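These numbers come from a predicted model, not from an experiment.
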Amino acid sequence: MFSKEQKMTVEVTLEEIEQIWFCTRRNVKRVLKQLEAKQYFQYIPGKGRGNRSVLIFNHSFQEEIEGYIKECAEQDRLDRIAYVLRLPIPKAWIIQHSTDIQHLLGFKRNEDAKDILYTFKNREISTLDPLKASIALEVHLIQQLGDTLVQYDSINDEIKPHLAHHFLIDESETIYTFYLRKDVHFHNMDKVTSSDIVFTIKRLQSESRAYAWLTDSIQQIVCESPHKVSIYLKKKNSLFLRLLSTPSFCILPESSPNNEDEWIGTGPFILKERTKNKLILQAFGHYFKERPLIDEVHFYTVSQVAADTLYLQADQSEKLTETSDHTLRDLGFVYFLYNQQQNTLLQNQYLRTALYHLIDVPKMAAEVDLTILEASSFSEDRSIPSIRDQSYIPTLLKKANYQGEELSLAHLTNEWSKKEVKWMIKHALSYGVNLKSIPISHQDFYKQDISNKVDILFMKLVFSYDKHLAFMSAFKNEQLLMMRFLPKDAQSFMEEQLSQFEESYSYDKREQIIMNTETYLRQNHHINFLYHPVITRTLDPIIQDATHHSFGHLDFSKLWLP
């Protein structure tokens, strides 16, 4: 590779440029002449075989980056700007042009009168397979691309027909019959029939490690006719209809193998394009309900640093007075989960109790600049400030016979998590607790061996609007690691509670089971509740009917531009 640049000069060979540009010697020479003609640099060929050539740059790399961003902004080339914002460049290089970049985001109406929403995302999409997706953004996108037989109405806490226009439950409450709407089209224009329902459910039963539990009570599925399907249960299940409303039950066509890059569903949006760094949703003109009023949504991947910098600048700019803030509350909680299956040290309650007292949540929030509510529960409504006394820590560590052994602390790779973990590690070390940062990607969550690498999981769990179903999923979904990290006695307790929960037809009784569970997990320090995030999203006031979907993301199908 290139030798280190000094005073805007670098020595290089043509062979090295060939490897970097992935092109032939002839093309290397041609491109060098073109760039030199545009006055990017002066090229001095090496004299004699094996001698290194010299590039003398006319401008610093920072000047070139800033000039390129300005040029792209003037040409409305958000895709090229996003490419630059994926580079590991300093924040200062972005800030100067943050206003220009922000003007390219949000709602735009193009020359063809198409209404398009442009937005950034700070990572690659992990998976859009309904059988695997366990992360909020991915699940939200699946909800935009697909539909379920029924939908959960969070306002009235009831189930409403959706792809099925009507459903019946027999007297034994073990046979559910669904009557499908006619002329509902998949994105490939095939029509939905009962065989697609059977295919989707059987695929979920046989292929999903994360969500097969949703089908545990299903004994048999019968196609009564092309638009009538019956599901027979092994026993009564009070939450069965709610289970069917989850995105994992998005109906897929039997005729087309599932392909994440050519996603075929019945939802209000089609997956028009998906690459590593770009994703486009396009309104489905044949949607069986109201067609989305916006035409497309464009996502561009940028680095976490770039995203954080741009959002911070947006909050501080004068434009803030022209925007509306949407604050999202009670969407989940941030917590410590201890891997008591793999780490014998963490099976000691004295050590877990010491770690509980170690994390002073209000102090961390103040020093890391977080906007949060301290948590002691799954729900913000039940959370109260916790009593943590750090004077107990030395005694607890001594009782646990902790000798400074290293404990791996796994966390997502985003900048906020890194800051919090850095604070935790420094604070823990002052008490002799040795925490080691283990950054993990969203893709890592789908790997079977992740539990072997983690002692403590520092994570956020985002709930859907159906909080009772979200509670079940937190413990039933293997990819969320809750049950896999708990010790055997706690697993047995949770299995009993979940069984009672599933059998109960009383909302209040289910709420009581959740509270009993919280108390058990909190008192035994199996889970260390830390805080509820308070998320404020700044939206352009031109956006009409901005409502939030389950999992806290905007429901694109409801937005419109006057």
Side-chain angles (χ1 to χ4, degrees), residues 333-368 370 372 374-378 383-412 416-440 450-461 481-494 517-532:
F333 63 100
V334 175
Y335 59 97
F336 267 9
L337 181 64
Y338 305 108
N339 190 351
Q340 298 177 62
Q341 288 289 333
Q342 299 289 333
N343 190 311
T344 54
L345 282 173
L346 290 168
Q347 293 171 4
N348 190 307
Q349 187 166 337
Y350 288 122
L351 179 55
R352 300 197 307 274
T353 306
L355 292 169
Y356 162 79
H357 287 289
L358 182 68
I359 306 301
D360 185 331
V361 176
K363 183 178 180 181
M364 181 181 72
E367 295 184 2
V368 181
L370 294 173
I372 62 169
E374 191 170 359
S376 61
S377 159
F378 296 118
S383 282
I384 58 176
S386 300
I387 300 173
R388 302 175 194 259
D389 190 338
Q390 299 188 350
S391 67
Y392 294 158
I393 296 174
T395 301
L396 289 166
L397 292 177
K398 186 176 181 180
K399 288 183 176 181
N401 196 29
Y402 176 72
Q403 303 295 320
E405 293 89 344
E406 183 178 89
L407 298 171
S408 62
L409 177 59
H411 59 92
L412 289 177
W416 283 112
S417 293
K418 290 178 183 177
K419 289 178 183 178
E420 292 170 79
V421 168
K422 183 178 180 180
W423 183 94
M424 292 172 184
I425 290 174
K426 181 180 178 181
H427 187 64
L429 197 58
S430 66
Y431 287 90
V433 177
N434 184 10
L435 300 179
K436 179 185 177 182
S437 168
I438 305 291
I440 56 177
I450 184 174
S451 59
N452 300 329
K453 305 173 183 177
V454 177
D455 295 323
I456 305 171
L457 183 67
F458 171 58
M459 195 54 56
K460 176 173 73 173
L461 183 62
L481 301 177
M482 285 280 194
M483 288 291 269
R484 287 167 61 185
F485 276 21
L486 291 176
K488 296 296 184 184
D489 59 333
Q491 288 180 354
S492 298
F493 173 84
M494 285 306 308
T517 299
E518 290 172 346
T519 301
Y520 173 82
L521 296 172
R522 186 172 54 241
Q523 288 181 347
N524 289 281
H525 297 291
H526 292 310
I527 292 179
N528 185 350
F529 295 97
L530 297 175
Y531 63 83
H532 302 283

>> In terms of relative ring orientation, are His525 and His357 parallel, tilted or perpendicular, with 30° and 60° separating the classes?
In response: tilted
> So do His427 and Leu358 actually touch side chain to side chain, heavy atoms under 4.5 Å?
Replying inline: yes
>> Could you measure the distance from the CE atom of Met424 to the CE atom of Met364? Nearest 0.5 Å is fine.
In response: 4.0 Å
> Is there side-chain contact between Lys418 and His411, with at least one heavy-atom pair below 4.5 Å?
Replying inline: yes
>> Quick check: do Gln342 and Asn452 have side-chain heavy atoms less than 4.5 Å from each other?
In response: yes
> To the nearest 0.5 Å, what is the distance between CG (Leu370) and CH2 (Trp423)?
Replying inline: 10.5 Å
>> Does any part of the side chain of Lys419, heavy atoms only, come nearer than 4.5 Å to the side chain of Trp416, both counted from C-beta?
In response: yes
> Run the side chain to side chain contact (heavy atoms under 4.5 Å, CB included) check on Leu355 and Val433 step by step: do they pass?
Replying inline: CA-CA 9 Å; Leu355 292 169; Val433 177; 4.0 Å; yes
>> The test is side chain to side chain contact (heavy atoms under 4.5 Å, CB included); show your working for Phe336 and Leu409 and say whether it passes.
In response: CA-CA 9 Å; Phe336 267 9; Leu409 177 59; 3.9 Å; yes
> Taking atom OG of Ser386 and atom CG of Asn528, what is their separation to the nearest 0.5 Å?
Replying inline: 7.5 Å
> Do you see a donor-acceptor pair shorter than 3.5 Å between the side chains of Arg484 and Gln491?
Replying inline: no
> Does a side-chain heavy-atom distance below 4.5 Å link Tyr402 with Asn434?
Replying inline: yes
> Who passes ring pair (Phe, Tyr, Trp, His ring centres under 6.0 Å) against Tyr520, sequence neighbours left out?
Replying inline: Phe493, His526
> What pair of heavy atoms forms the shortest contact from Ile372 to Ala365, and how long is it?
Replying inline: CD1-CB, 3.5 Å
> Quick one: are Leu337 and Ile456 in side-chain contact, heavy atoms under 4.5 Å?
Replying inline: no
> Is there a donor-acceptor contact under 3.5 Å from the side chain of Arg522 to the main chain of Ile527?
Replying inline: no
> Centres of the Tyr338 and Phe485 rings: under 6.0 Å?
Replying inline: no
> Can you name the side-chain contact (heavy atoms from CB on, under 4.5 Å) partners of Ile425, sequence neighbours left out?
Replying inline: Val421, Leu435, Ser437
>> Assess the residue pair Gln349 and Asn524 against the criterion (side chain to side chain contact (heavy atoms under 4.5 Å, CB included)); give the C-alpha distance rounded to whole Å, side-chain angles, the decisive distance to 0.1 Å, and a yes or no.
In response: CA-CA 7 Å; Gln349 187 166 337; Asn524 289 281; 3.9 Å; yes
> Could you walk me through whether Met482 and Met494 pass the side chain to side chain contact (heavy atoms under 4.5 Å, CB included) check?
Replying inline: CA-CA 10 Å; Met482 285 280 194; Met494 285 306 308; over 6 Å; no
>> Is it the case that the ring center of Phe529 lies less than 6.0 angstrom away from the ring center of Phe378?
In response: yes
>> For a 4.5 angstrom cut-off between non-hydrogen side-chain atoms, does Leu412 reach Phe458?
In response: no
> What distance separates Ile440 CD1 from Leu457 CG, expressed to the nearest 0.5 Å?
Replying inline: 5.5 Å
> Do the non-hydrogen side-chain atoms of Glu374 and Arg388 ever get within less than 4.5 Å of each other?
Replying inline: yes
>> Using ring-ring contact (aromatic ring centres under 6.0 Å, His included), reason through Tyr335 and Tyr531 one step at a time and then give a plain yes or no.
In response: CA-CA 7 Å; Tyr335 59 97; Tyr531 63 83; over 10 Å; no
>> Atom OH of residue position Tyr431 - does it have more than 12 heavy atoms of other residues, nucleotides or ligands inside 6.0 Å?
In response: yes
>> Is it true that Asp455 and Asn343 share a donor-acceptor pair across their side chains at a distance under 3.5 Å?
In response: yes
> Can you tell me how far CD of Glu420 sits from CG of Leu530, rounded to the nearest 0.5 angstrom?
Replying inline: 8.5 Å
> Salt bridge check: are Glu405 and Lys436 linked by an N-O gap of less than 4.0 Å?
Replying inline: no
> Taking all atoms of both residues into account, what is the closest heavy-atom pair of Ser377 and Glu518, and its distance?
Replying inline: OG-OE2, 2.7 Å
> If you measure from CG on Asp389 to CG on Asp360, what distance do you get to the nearest 0.5 Å?
Replying inline: 10.5 Å
> Does a side chain donor of either Asn401 or Gln403 reach within less than 3.5 Å of an acceptor in the other side chain?
Replying inline: yes
